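Chain letters run A, B, ... following the sequence lines, proteins first, then strands; residues in each count from 1. Here the structure is a predicted model, which is why all the values come from computation and not from measurement.
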There are 2 protein chains.
Amino acid sequence: MTARARRTVGLRHTDPSDVSLQEALEALADPVRRSILRVLAGEPDFARACGAFDLPVSKATASHHFSVLRASGLLEQIDQGPRRLNRLRRAEFDARFPGLLALVLTEDEPTKTAS
Amino acid sequence: MTARARRTVGLRHTDPSDVSLQEALEALADPVRRSILRVLAGEPDFARACGAFDLPVSKATASHHFSVLRASGLLEQIDQGPRRLNRLRRAEFDARFPGLLALVLTEDEPTKTAS
DNA sequence: ATCGGTGTTCGACGGTGGTCGAACACCGAT
DNA sequence: ATCGGTGTTCGACCACCGTCGAACACCGAT
């Protein structure tokens, strides 16, 4: 923990070692959630807030997805002022499910086909 | 292919290299399907027919699950007389999604908690 | 104290997927 | 040709999940 003003709030953070394969697969089976993880993988920890993801869903839905990722041990979040910063729990999750996160991060982003 | 009487029928077999991560994760996100894969992993290829799995679902539902597994590149099936024999496409699928199948096969079977 | 910005929560809605029984198709053997 | 066994297909049902707008809570700054 740095000297910066960061509050680790009472958020329901599930430890990856407590996550079942069922939960992990369900969490990763959503394309929006996987895209969140890929963005986080390309940046320093806690560099991006929830609102800064340019997701194709509403605020409410995005919030739901972050909640799922947190509950499945994939995300750690801390509050800094009004925004909530995110960190990909890369090492911990990979220790629990070796190779799984790597598959998600190396996935070639499927481009939207115009209807 | 051995000299035994086996017919490789015109079943919709998807090659693992044509399977997206999305499809793979959706296929593996069901516990019944994962249990099928684990059983197959513990036996020789084409040793077990669809009806010999002791699944907690009806015949119709089981058939649906086998169809999904076949369509996601996880299963190969051949017809032998009236029954349909199954093979886990272990190497091919692992080449497409390294480590993913291993996670499923090493999963500790979650026991049903009595309600 | 008020305001703009950020994120969550609350119903509600709709689509999808797992489930089933029943009917059907296929095979081998009698 | 009929029968039992195996597996698929067809509707239908239902629960769950992703989705949304609206309302709310929180923070920092004005």
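- Between the C1' atom of D/dT8 and the CZ atom of B/Arg83 lies a distance of 17 Å, rounded to the nearest Å.
- Distance from the side chain of B/Ser58 is smallest for C/dG21 among the nucleotides C/dG21, D/dG21, D/dT8.
- Each of A/Glu43, A/Glu76, A/Gln77 was compared with A/Asn86 under the side chain to side chain donor-acceptor pair (under 3.5 Å) criterion, and only A/Gln77 meets it.
- Remark: of the listed residues B/Arg89, B/Arg90, B/Arg96, B/Arg89 is the sole one forming a salt bridge (charged side-chain N to carboxylate O under 4.0 Å, His left out) with B/Glu92.
- With hydrogens and angles ignored, the 3.5 Å screen pairs a side-chain donor or acceptor of B/Arg34 with a backbone N or O of B/Leu28.
- The phosphate of D/dC20 (OP1 or OP2) has a side-chain N or O of A/Thr61 nearer than 4.0 angstrom.
- Distances shown here put every side-chain N or O of A/Arg84 at or beyond 4.0 Å from the OP1 or OP2 atom of D/dC26.
- Contacts of B/Ala62 with the nucleic acid, taken as non-hydrogen atoms under 4.0 Å apart, are absent.
- Within 6.0 Å of CZ in B/Arg38 there are more than 12 heavy atoms belonging to other residues, nucleotides or ligands.
- Among the nucleotides C/dT6, C/dG18, D/dT8, the one closest to any side-chain atom of B/Lys59 is D/dT8.
- In this structure, CD1 of A/Ile78 is placed 15 Å from C1' of C/dG7, rounded to the nearest angstrom.
- Distance from the side chain of A/Val57 is smallest to D/dT19 among C/dT8, D/dT19, D/dT8.
- Using modelled atom types, no side-chain atom of A/Arg87 and backbone atom of A/Asp45 make a donor-acceptor pair closer than 3.5 Å.
- Residue B/His65 places its side chain closer to C/dT19 than to any other of D/dT19, C/dA22, C/dT19.
- A straight line from CG of B/Asp79 to P of C/dG28 spans 10 Å, rounded to a whole angstrom.
- The side chain of B/Ser63 contributes no N or O atom lying less than 4.0 Å from OP1 or OP2 of D/dG7.
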Dot-bracket for DNA chain C, 5' to 3', with Watson-Crick and G-U pairs under 3.5 Å, [ ] for crossing pairs and | for other-strand pairs: what is it? ||||||||||||||||||||||||||||||
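- Side-chain atoms of A/Leu88 and A/Ile36, non-hydrogen and from C-beta on, never get closer than 4.5 Å to each other.
- Of the possible donor and acceptor atoms, none in the side chain of B/Arg84 sits under 3.5 Å from a partner among the backbone N and O of B/Cys50.
- Nearest nucleotide to the B/Cys50 side chain, out of C/dC10, C/dG21, D/dG7: D/dG7.
- Under a 3.5 Å cut-off, the side chain of A/Ser35 and the backbone N or O of A/Val32 do form a donor-acceptor pair.
- Computed from coordinates, the A/Phe66 CZ to D/dT19 P distance equals 13 Å when rounded to whole Å.
- The number of heavy atoms from other shown groups lying within 6.0 Å of CG (A/Asp15) is above 12.
- Summarising the geometry, the separation between NE2 on A/His64 and C1' on C/dG7 is reported as 15 Å, rounded to the nearest angstrom.
- Listed here is the closest heavy atom pair of A/Ala62 and A/Leu55: CB-CD1, 4.0 Å.
- Across the protein-nucleic acid pair, B/Leu75 atom CG and D/dT8 atom P stand 11 Å apart, rounded to whole Å.
- Atom-to-atom, CG of A/Leu25 to P of C/dG18 comes out at 13 Å; the value is rounded to the nearest Å.
- Near DNA chain C, meaning a heavy atom under 4.0 Å away, the residues from residues 29-39 of chain B are B/Asp30, B/Arg33.
- Distances were taken from every side-chain heavy atom of B/Pro82 (C-beta onward) to each of C/dG7, C/dC27, D/dG7; the shortest belongs to C/dC27.
- Look at CG on A/Leu85: it is 15 Å from P on D/dC27, rounded to the nearest Å.
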